[in-house]
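Please read the structure below before turning to the comments.
In listed order, ligands and their atoms are each counted from 1.
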Amino acid sequence: MIIEKIEEKLQNVLESCGYELPAKIIPSNRKDLCDYQFDGSFSYAKVLHKSPIEISESIVEMWGSIYKDDPDFKKIEAVKPGFINFTLSDKFINETLNKMNEEPKFGIKMPKKETIVIDYGGPNIAKPLHVGHLRSAIVGESIKRILEYFDYNVISDVHLGDYGLQIGQVIYGLKQENIVLEDITIEILDRIYPEMSALCKSDEKIKEECAQITKELQDGNQEYQEYFEKIKEVSLKDIKRIYDYLDVHFDYWFGEADSYKYIPKLTEELENKKLLKLSEGAKIIDVKKDTDELEIPPLIYQKQNGAYLYGTTDLATIYQRMNDYHPNKILYVTDLRQALHFKQVFRVCEKLGYTKETSFEHLGFGTVNGSDGKPYKTRAGSAPKLDTLFKETKEAFLASNPKNDAMDESDLDILVNAIIKFADLQNNREKDYIFDINKFSTVIGKTGPYILYTYLRINSILEKEQYIITCLDNQIYNETDRELRIKLLELENTLKYSLDTRLPSVLANYLYEICVNMNAFYEKNHINNLEDRNKKENWLLLLTLANKILKEMLELLSIKIPKKM
Ligand code: ARG
């Protein structure tokens, strides 16, 4: 809102100067000098054979003649070596904050409505949810909520991994132990999967046999279908319990198995377009392009034994989504290591002509690592189950502050969520990060507890004090006050950027910055004992707005606020 408004004027000024320069301004990182900066003169200096400062001076001069005594600015000046510094007027800052306060969703402009499918979560039936599944759930949920905030028509689908090799292995294991359907429990599944997975790694024959079971299941074998249904039921119940704990929700719980009914139609389409090729008995689709720097292998559509693969079910699922929802976009939130897979799948979509109607994005994320920089493992050497992670996080939080013992269970669960989610979401999703429960659980630093503590601290003042004003007046009282107000103005731009880049980390870091400003403000300005009534009311209103922003934005990170901590 603010930046756009300034950029619009700048555009006008640049055109009047005859400069072909992008009117791009950035928030200043020296808030003591100015609020926003323009640094375009540097790149243009060579073109014009002039010094950057000369160019900037001419822009400022033109600005002055077009927008005489512009009430939006306190100061616009060209400074050496060639920046233009913009300082907003108090009036403009306060008027904008008042608008944010009055309007729903802080007056943020909404983009045009589109339908977007988001595919995240991706848990696998029969395997316990572990730390490797955390990011897809947390990052995906946040991206979904940001899209929904901007009024997109969002359709979320968990895309269960239910027809993969693991299912054949587990069925084999169950049969080996003569476990009948009624006796299958989550404990049994949790035990059998790792055992079978290890066995298949050491015994090629058993591995083959398990693959055969998966294949026959896919072909409709009655007995295996019954096992599959039961395993899915038991497994899903547990998966849903964990997603509920994480406050992660899906519109659809479709799985790979559900996509099988679309395979015949899809195959027909691929055959009509002559895209399927035979290679050593398997059906493959070539996806490489002449412009590729690295060779992209073909997508394997159907194996020699007739079995379908991960790429096939993804394509069949796209077929269903295209037909049922006609989405403008389909987004996939998975581990970055699946980048090649999605590249292949999207290229097939291009060949099928789907990309004319729909665009596809793979939103990859990095790994959760241990202190050794390798994927996070328990002492026993396996990826920790999410249940274990929640329990350890709760213990670490309680240990960090004995007072927390007094918190009720539901508040503690909110804290566990906040700790894990904020730790994850503050990292750029494409980067790996080190899981350090002790660091994440303290109230000091860039942590979930710090954000929640700030909110509650301010909230307790607001609950005690009364105020009647509904609009901020035209004053700003001191530096920390100004910094907080300017920070709140950045909301729309920040959120928009977070939306466009699909990076919840942009929003998470912004919330942290707001909290830093709020705490600095609170420590400097002793609002409780303030005699000046007008000032006090203005500050209470400002803090109310700050807390309202925090609360509404925390929801987009799927972080709730405890009653107390
Ligand atoms: N189940 C997959 C896995 O564990 C993730 C599924 C992601 N979504 C998709 N449409 N392929 O790796």
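- What you find for Ser441 and Ala396 is that their closest heavy atoms are OG-CB, 3.7 Å.
- Those atoms of ligand 1 that come under 4.0 Å of a heavy atom in Thr334, given as number and element, are 7 (C).
- No hydrogens or angles considered: a donor-acceptor pair under 3.5 Å links the side chains of Tyr325 and Gln320.
- Of the heavy atoms in Asp314, only side-chain atoms (C-beta onward) come closer than 4.0 Å to ligand 1.
- The main-chain N or O of Ala508 is never found under 3.5 Å from a side-chain atom of Lys446 such that the two would form a donor-acceptor pair.
- No heavy atom of Glu256 sits closer than 4.0 Å to any atom of ligand 1.
- Here is the list of ligand 1 atoms found below 4.0 Å of a heavy atom in Phe342: 9 (C), 11 (N).
- Between Tyr332 and the options Phe346, Phe365, Phe360, a ring pair (Phe, Tyr, Trp, His ring centres under 6.0 Å) holds for only Phe346.
- Among protein heavy atoms, the minimum distance from atom 4 (O) of ligand 1 is reached at Asn124 ND2, 3.0 Å.
- An N or O contact shorter than 3.5 Å is missing between Pro123 and ligand 1 by distance.
- Counting protein heavy atoms only, atom 12 (O) of ligand 1 is closest to Gln338 NE2, 2.8 Å.
- Atoms of ligand 1 found under 4.0 Å from any heavy atom of Tyr332, numbered from 1 in the order shown, are 10 (N).
- For Phe440 and Phe435, the ring centers are positioned less than 6.0 Å apart.
- A cation-pi geometry, defined here as NZ or CZ lying under 6.0 Å from the six-membered ring centre and within 45° of its normal, holds between Lys105 and Tyr149.
- A donor atom on one side chain and an acceptor atom on the other are found under 3.5 Å apart for Lys421 and Ser558.
- The protein non-hydrogen atom at the shortest distance from atom 8 (N) of ligand 1 is Asp119 OD1, 3.1 Å.
- The option from Tyr310, Tyr120, Phe254 that lies nearest to atom 7 (C) of ligand 1, judged by heavy atoms, is Tyr310.
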